[in-house]
There are 2 protein chains.
Amino acid sequence: MGNVTLRSVAEAAGVSVSTVSNAYNKPDQLSAEVRQRVLETAKTLGYAGPNPAARSLRSQRARAIGLVFTERLSYAFSDPYSVGMLAGLAEVAEEFQTGLLLIPLRPFDPERPEEVEASAEAMRAAVVDGLLAYCLDIDHPAREIAVDRGLRMVATDDKDPRMDGLVLIDERGAARQVGEHIRRLGHRSVGIVVDSKVDSSAVVEVDDVQHRSMSFSWDRYDGFREGLGPDVSVQTVAPPGHNSVEAGRSAGAHLLDRQDRPTAIITVSDVLALGVLDAMRQRGLTPGRDVSLSGFDDIPAAADAGLTTVRQPIAERGRIAGRMLLDPDYTERRIVLPTELVVRSSTGPATTSPTR
Amino acid sequence: MGNVTLRSVAEAAGVSVSTVSNAYNKPDQLSAEVRQRVLETAKTLGYAGPNPAARSLRSQRARAIGLVFTERLSYAFSDPYSVGMLAGLAEVAEEFQTGLLLIPLRPFDPERPEEVEASAEAMRAAVVDGLLAYCLDIDHPAREIAVDRGLRMVATDDKDPRMDGLVLIDERGAARQVGEHIRRLGHRSVGIVVDSKVDSSAVVEVDDVQHRSMSFSWDRYDGFREGLGPDVSVQTVAPPGHNSVEAGRSAGAHLLDRQDRPTAIITVSDVLALGVLDAMRQRGLTPGRDVSLSGFDDIPAAADAGLTTVRQPIAERGRIAGRMLLDPDYTERRIVLPTELVVRSSTGPATTSPTR
DNA sequence: TCGTTCTACTTGAACGATTTAGTACAACGA
DNA sequence: TCGTTGTACTAAATCGTTCAAGTAGAACGA
């Protein structure tokens with residue numbers, strides 16, 4: 001089984017190997033009758049079509065693009081934002097008859113370099129034409145391997161100058177709008193919830209410097225602070241674990257239970273905001289009245305929850321990344337997509353009596 | 001660039017091609033010093049390691065397993081159950097240094113066979129050693145192609161006898177326990193929420209026969225009915241759209257707003273149950289007191305919500321599927337994993353006054 | 001001293017396709 | 001009638017590895 005090749009088909013059909021190949025790849029290069037005959041003998045021989053590996057080798061095209069898959073991305077799949085982008089990417093991939101190869105890697109961890117290094121070898125073995133560097137740590141050795149291989153690389157959130165394509169939003173500018181919105185509403189004590197790169201077991205309070213090394217989203221953070229201005233007092237916390245509703249809930253609990261509860265809470269993602277919303281509900285607080293809350297991304301659930309947030313074209317981000325990787329006619333190499341502040345009921349004016 | 005091959009490295013290092021190959025694949029076959037020299041010249045030449053396509057061709061191993069990726073699976077990624085299974089699969093894949101290839105396909109649709117057929121060609125091009133037939137419709141042409149290719153196929157929820165491996169739970173038996181639990185609590189009017197295979201725009205009421213063709217989960221459905229027994233009156237609904245919290249919410253709304261509101265609601269998944277829970281909250285109903293509710297799967301959020309459900313080893317399902325595909329020492333071909341009814345606060349005795 | 005075993009490499013044949021350059025033959029216009 | 005063009009196919013090289021088989025030389029025991 002399985003050892004039926006182009007040659008066996010060619011012999012059985014009484015034509016040359018190239019003709020059989022053409023029957024599959026270039027139907028206009030041969031007469032309809034011969035093609036018909038070839039395809040029929042292929043069927044009776046149980047030939048399942050050209051061997052993909054051989055085809056990849058000869059044509060120098062893998063018909064697949066890579067996507068790094070760490071534990072973190074596995075969590076990311078619970079995040080509607082990632083799913084939306086992946087859906088956009090898959091749409092283009094389908095259009096180009098191209099697969100999406102998840103490359104399982106150990107997440108970067110300076111504590112155990114040899115394990116990470118070993119898992120990075122998977123990047124060598126990946127049969128891909130290009131790579132979407134999503135959730136791939138800047139220091140991960142797999143990144144070097146990808147560069148060495150000369151893989152076309154596209155990122156949606158990356159600072160690496162070696163990228164062949166970038167699909168961005170103005171993170172900082174968008175975040176600034178959120179900050180300004182909150183400031184204009186009169187809030188002077190604001191909590192910020194960031195995501196956390198490191199594993200902690202509890203909510204940690206973060207200062208501006210720590211944040212740089214602890215979180216993925218300091219552009220947003222900087223934007224928030226810019227928009228809020230110097231007169232607003234800010235308390236930043238990072239929840240334990242990954243970007244999730246659960247994490248948001250614990251961060252929200254932490255902020256809401258403080259003596260000096262902030263009058264507004266800003267989060268770096270809608271998922272975290274939904275968690276904070278839960279924490280508010282549990283405490284009988286009404287969003288937009290007792291405490292204001294804003295998110296980021298505008299995932300579908302944000303509208304249902306009445307969450308003020310920044311809308312970004314999520315699926316479009318994936319689509320463009322896909323085009324950059326797959327469509328030779330798409331020559332743009334750096335796209336900055338528009339965002340929009342969407343004000344909903346979860347933000348409102350600071351109450352004049354800012355006590356509990 | 002990129003045209004550095006084993007041969008160029010071999011020439012530069014003054015050794016044979018096989019020696020260079022061995023330097024990468026069988027370090028014990030050559031002396032440490034030669035290996036060192038080879039690796040160094042490889043580095044200076046900018047050789048990124050053996051070309052994966054060529055390696056796949058020669059060794060007849062793709063180092064990747066396939067996963068069908070339709071729009072439906074893209075929604076499935078929002079489902080913690082799928083994510084959990086995928087995480088288990090990825091764990092094993094990482095262990096075996098193997099990639100996970102998502103193969104984008106059009107979902108099966110008898111209305112437009114040619115589009116589906118065309119997209120199924122992606123199954124021909126996939127460089128994979130095996131396939132996890134998850135979310136792959138039984139009638140999808142890609143399934144035939146996979147069979148023709150002689151791909152090793154494993155399923156976690158499939159009736160196809162051509163599968164090389166099955167990782168199952170006793171769906172019907174587990175569902176029966178749920179039904180019995182509800183019956184013993186005294187409920188005599190029960191709503192069942194199933195998932196829907198077809199696209200409808202609103203909640204539809206389903207009878208036993210329709211259900212067969214409309215849903216993916218009729219084993220569970222049959223189990224529910226068996227456990228409930230003949231004395232319980234059942235109203236079955238299928239929400240519009242895919243398995244999601246949102247869908248559960250609308251199905252729940254439909255059942256709860258009926259004149260003859262059921263005293264208990266059973267769903268085929270926790271995700272749907274969480275939606276029903278939302279609908280109950282919106283109506284000020286307390287789960288387990290006013291209306292009982294049970295789910296299926298025991299995703300992490302179920303415990304938080306106090307949801308009665310069936311626990312199944314989710315990640316383990318993915319892990320075993322991975323082993324069946326990748327581990328030659330794993331010879332088991334059909335595994336039925338244990339389940340357990342987990343009773344939490346969302347189910348309680350039927351109230352003696354069963355009126356609104 | 002001779003045969004045997006071991007180590008460290010090399011040789012050359014696959015793996016299964018695509019692609020370039022060609023050939024044979026028919027059709028065509030002048 | 002001859003050269004040109006086009007159609008339908010073929011021959012042979014090539015993609016970059018891995019792997020089975022082979023060899024040269026050192027080391028060893030009797």
Side-chain angles (χ1 to χ4, degrees), chain A residues 1-39 41-42 45-63 121 124-129 148-150, chain B residues 1-39 41-42 45-63 121 124-129 148-150:
Chain A
M1 65 172 287
N3 47 6
V4 187
T5 72
L6 264 194
R7 185 142 93 214
S8 12
V9 177
E11 278 165 8
V15 293
S16 77
V17 181
S18 337
T19 300
V20 183
S21 173
N22 284 335
Y24 282 96
N25 302 309
K26 303 178 180 166
D28 53 329
Q29 298 276 342
L30 34 66
S31 64
E33 40 191 339
V34 172
R35 172 150 201 259
Q36 183 68 11
R37 181 154 50 92
V38 167
L39 261 35
T41 52
L45 290 183
Y47 180 68
N51 176 306
R55 181 205 284 248
S56 288
L57 171 59
R58 178 62 239 233
S59 62
Q60 304 284 60
R61 289 188 41 213
R63 291 153 189 266
E121 288 305 306
R124 289 227 151 79
V127 188
V128 294
D129 298 317
D148 284 353
R149 281 187 59 184
Chain B
M1 64 174 292
N3 47 6
V4 187
T5 73
L6 267 193
R7 182 139 97 219
S8 13
V9 176
E11 278 164 8
V15 292
S16 78
V17 181
S18 337
T19 300
V20 183
S21 173
N22 284 334
Y24 283 96
N25 301 310
K26 305 179 178 166
D28 53 330
Q29 298 276 345
L30 35 65
S31 65
E33 41 190 338
V34 171
R35 172 150 202 260
Q36 183 67 11
R37 181 155 49 93
V38 167
L39 260 35
T41 53
L45 291 183
Y47 180 67
N51 176 307
R55 182 206 286 249
S56 290
L57 172 59
R58 177 61 238 227
S59 62
Q60 304 284 62
R61 289 188 40 214
R63 290 155 189 266
E121 289 304 305
R124 288 227 151 79
V127 188
V128 294
D129 298 317
D148 285 353
R149 281 187 58 183

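Order of the sequence lines sets the chain letters (A, B, ...), proteins ahead of strands, with each chain counted from 1.
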R149(A) has an atom CZ; how far is it from atom P of dT17(D), in whole Å? 11 Å
Taking it one step at a time, do Y24(A) and L39(A) satisfy side chain to side chain contact (heavy atoms under 4.5 Å, CB included)? CA-CA 8 Å; Y24(A) 282 96; L39(A) 261 35; 4.3 Å; yes
Check whether R149(B) reaches the backbone of A126(B) with its side chain - one donor and one acceptor, N or O, closer than 3.5 Å. yes
If the sugar-phosphate is the primed atoms plus P, OP1 and OP2 and the base is the rest, what is the B/S/- string for nucleotides 7-15 of chain D, using protein heavy atoms under 4.0 Å? --SBBBBBB
R61(A) side, atom CZ; S59(A) side, atom OG - distance, nearest 0.5 Å: 6.5 Å
To the nearest 0.5 Å, what is the distance between CZ on R63(A) and CZ on R124(B)? 12.5 Å
How many angstroms lie between atom NZ of K26(B) and atom OG of S18(B), to the nearest 0.5 angstrom? 10.0 Å
Inter-residue atom distance R35(B).CZ - T19(B).OG1, 0.5 Å rounding: 12.5 Å
For A62(A) and S56(A), work out which heavy atoms get closest and say how close. CA-OG, 3.7 Å
Inter-residue atom distance T5(B).OG1 - Y47(B).OH, 0.5 Å rounding: 7.0 Å
Starting at atom OH of Y24(B), determine the distance to atom C1' of dT17(D), rounded to an integer number of angstrom. 13 Å
If an axis is fit to five pairs at each end of the helix from dT1(C)-dA30(D) to dA30(C)-dT1(D), what is the angle between the two, to the nearest 10°? 40°
Rounded to the nearest angstrom, tell me the gap between atom CZ in R61(A) and atom C1' in dT19(C). 15 Å
Would you tell me if any nitrogen or oxygen in the side chain of K26(B) comes within less than 4.0 Å of OP1 or OP2 on dT18(D)? no
For nucleotides 21-28 of chain D, give me every protein contact, N/O to N/O, under 3.5 Å, one pair per line with atom names.
none

Testing the basics here: between P52(A) and V127(B), what is the closest heavy-atom pair and its distance to 0.1 Å? CB-CG2, 3.8 Å
Which value, rounded to the nearest 0.5 Å, describes the distance between L30(A) atom CG and Q36(A) atom CD? 11.5 Å
Would you say Y47(A) places a side-chain N or O within less than 4.0 Å of OP1 or OP2 belonging to dA17(C)? yes
Expressed in angstrom and rounded to an integer, what is the separation of L6(B) atom CG from dC9(C) atom P? 16 Å
Please find the pair of heavy atoms, one from L45(B) and one from V4(B), that lie closest to each other, and give the distance. O-CG2, 3.5 Å
